Visitor: 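The structure follows.
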Amino acid sequence: MAEEAFGEAGTGRLRMAVQKKGRLADETFDLLKRCGLSLSQSKNRLYARVQEMPIDILLVRDDDIPALVAGGASDLGIVGGNVFEEERAGGRLGSRVPLVKPLGFSKCRLCIALPKEDTYSQPADLGGMRIATSYPALTEDWLEREGVKGATTVVMNGAHEIAPRLGVADAVCDIVSTGGTLDANGLKVAETIYRSEALLIGGPLEGEAKKVADALQLRIEGVQRSRDAKYVMLNAPRSAVEAISKVLPAADKPTILELAGTAEKVAVHTVCREAVVWEHLEELKRLGASAILVLDIDKMLA
Ligand code: PRP
Ligand code: ZN
């Protein structure tokens, strides 16, 4: 594969920036795979080419993605909301703020945390504190909105959690996922200031680029729709079909199939969220449902 071909104008290939490595990267590559897209990587691992669609993937650090897209160097990007909003709040996207579509994965919270022994009841308690963070713009915006007096940010690019013990800060503002890192460092959440998930950013696009981006979005939506949905099959008395359809609400009416050798029982096939099946399992059994099968759906295209 020719290295120089990436992002060349006029090749008609859409450019999309994604994180090179990390948790977001893993989940992004998983999404692309579930969209039926396979990547061939360049030798220098700076970009990858999608085999099935005219898309080139630029592999970069996540904090560079918003500016690459806003500046037009990349048509689209997949980036954490935390990073995108920090770049926007920091005024680094200029006037061309791209469109945003939430993708529903890589969910986490941006939290202000304090040593466990500190008492905390309200934002004013943070007054005068030094807060270690790599999200100074989001943190300062929040402090201002909450009217916290005299608090300042100390920018650190990692290991925020040890800042209070080192004495370089009184609090931290960092990403919390499971909470394990805070706990291990003797810290507790005081406030959640932003809820983050992965975003597809970019556009508005025109012409061929728009066509490719729309086709990609259609595939992503198919994957999103199928994420919580399950294909449910069960056998039930014919007389209970209506009651069972009410218990398992779906976009469409269920499919009812004859069972060999009996007129009283039928097979019911439907699509619904997995949680619904768990919540109503007892009720389904009470209505006479048997042989309940819950199957994964790979994609749901419309
Ligand atoms: C993030 C964040 C915390 C940790 C939180 O760091 O900065 O340190 O994850 O996760 P937890 O609540 O599940 O413990 P990451 O590992 O992404 O690396 P970084 O700090 O170098 O960005
Ligand atoms: Zn960290």
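Note that ligands are numbered from 1 as they come in the structure, with each ligand's atoms numbered from 1 the same way. Owing to the predicted nature of the structure, the values given are computational and were not obtained by experimental measurement.
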Visitor: Check Glu161 against ligand 1 and report side chain, backbone, both or neither, counting heavy atoms closer than 4.0 Å.
Guide: side chain

Visitor: Does this structure show an ion pair linking Asp56 with Arg15, if we count only N-O contacts that are shorter than 4.0 Å?
Guide: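 No.
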
Visitor: Can you find an N or O of Ala159 that's nearer than 3.5 Å to an N or O of ligand 1?
Guide: no

Visitor: Ignoring hydrogens, what is the shortest heavy-atom contact between Ala171 and Met129? Give both atom names and the distance.
Guide: CB-SD, 4.2 Å

Visitor: For His160 and ligand 1, does the shortest N/O to N/O distance drop below 3.5 Å?
Guide: no

Visitor: Give the atoms of ligand 1, by number and element, whose distance to some non-hydrogen atom of Gly179 is under 4.0 Å.
Guide: 11 (P), 12 (O), 13 (O)

Visitor: Going by the order shown, which atoms of ligand 1 are within less than 4.0 Å of some heavy atom of Val176?
Guide: 12 (O)

Visitor: If you count the atoms of ligand 1 from 1 in the order shown, which ones are under 4.0 Å from a heavy atom of Ile175?
Guide: 2 (C), 3 (C), 4 (C), 5 (C)

Visitor: Return yes or no for this condition: an N or O of Ser177 is under 3.5 Å from an N or O of ligand 1.
Guide: yes

Visitor: Determine whether any heavy atom of Gly158 lies closer than 4.0 Å to an atom of ligand 1.
Guide: no

Visitor: For Glu242, is there an ion pair with Lys246 - N to carboxylate O distance below 4.0 angstrom?
Guide: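 So Lys246 pairs with Glu242 through a salt bridge.
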
Visitor: I'd like to know if Glu258 and Arg238 make a salt bridge, using a cut-off of under 4.0 Å between side-chain N and carboxylate O.
Guide: yes

Visitor: Of Thr181, Asp183, Asp63, which has the heavy atom at the shortest distance from atom 4 (C) of ligand 1?
Guide: Thr181

Visitor: State, yes or no, whether a side-chain contact exists between Val50 and Leu216 at a heavy-atom distance under 4.5 Å.
Guide: no

Visitor: Need the ligand 1 atom indices (1-based, order shown) with element for anything under 4.0 Å from a heavy-atom of Thr178.
Guide: 11 (P), 12 (O), 13 (O), 14 (O)

Visitor: Going hydrophobic residue to hydrophobic residue with side-chain gaps under 4.5 angstrom, can you get from Val97 over to Leu68?
Guide: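 Per the 4.5 Å side-chain linkage, Val97 and Leu68 are co-clustered.
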
Visitor: Check the hydrophobic clustering (I, L, V, M, F, W, Y; side-chain heavy atoms under 4.5 Å; chains of links allowed) and say if Val247 and Ile292 are grouped together.
Guide: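 Val247 and Ile292: one cluster.
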
Visitor: Less than 4.0 Å between a side-chain N and a carboxylate O, is that true for Asp118 and Lys188?
Guide: no

Visitor: At less than 4.0 angstrom from any non-hydrogen atom of Asp174, what atoms of ligand 1 do you find?
Guide: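 Selected atoms, number and element: 2 (C), 3 (C), 7 (O), 8 (O).
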
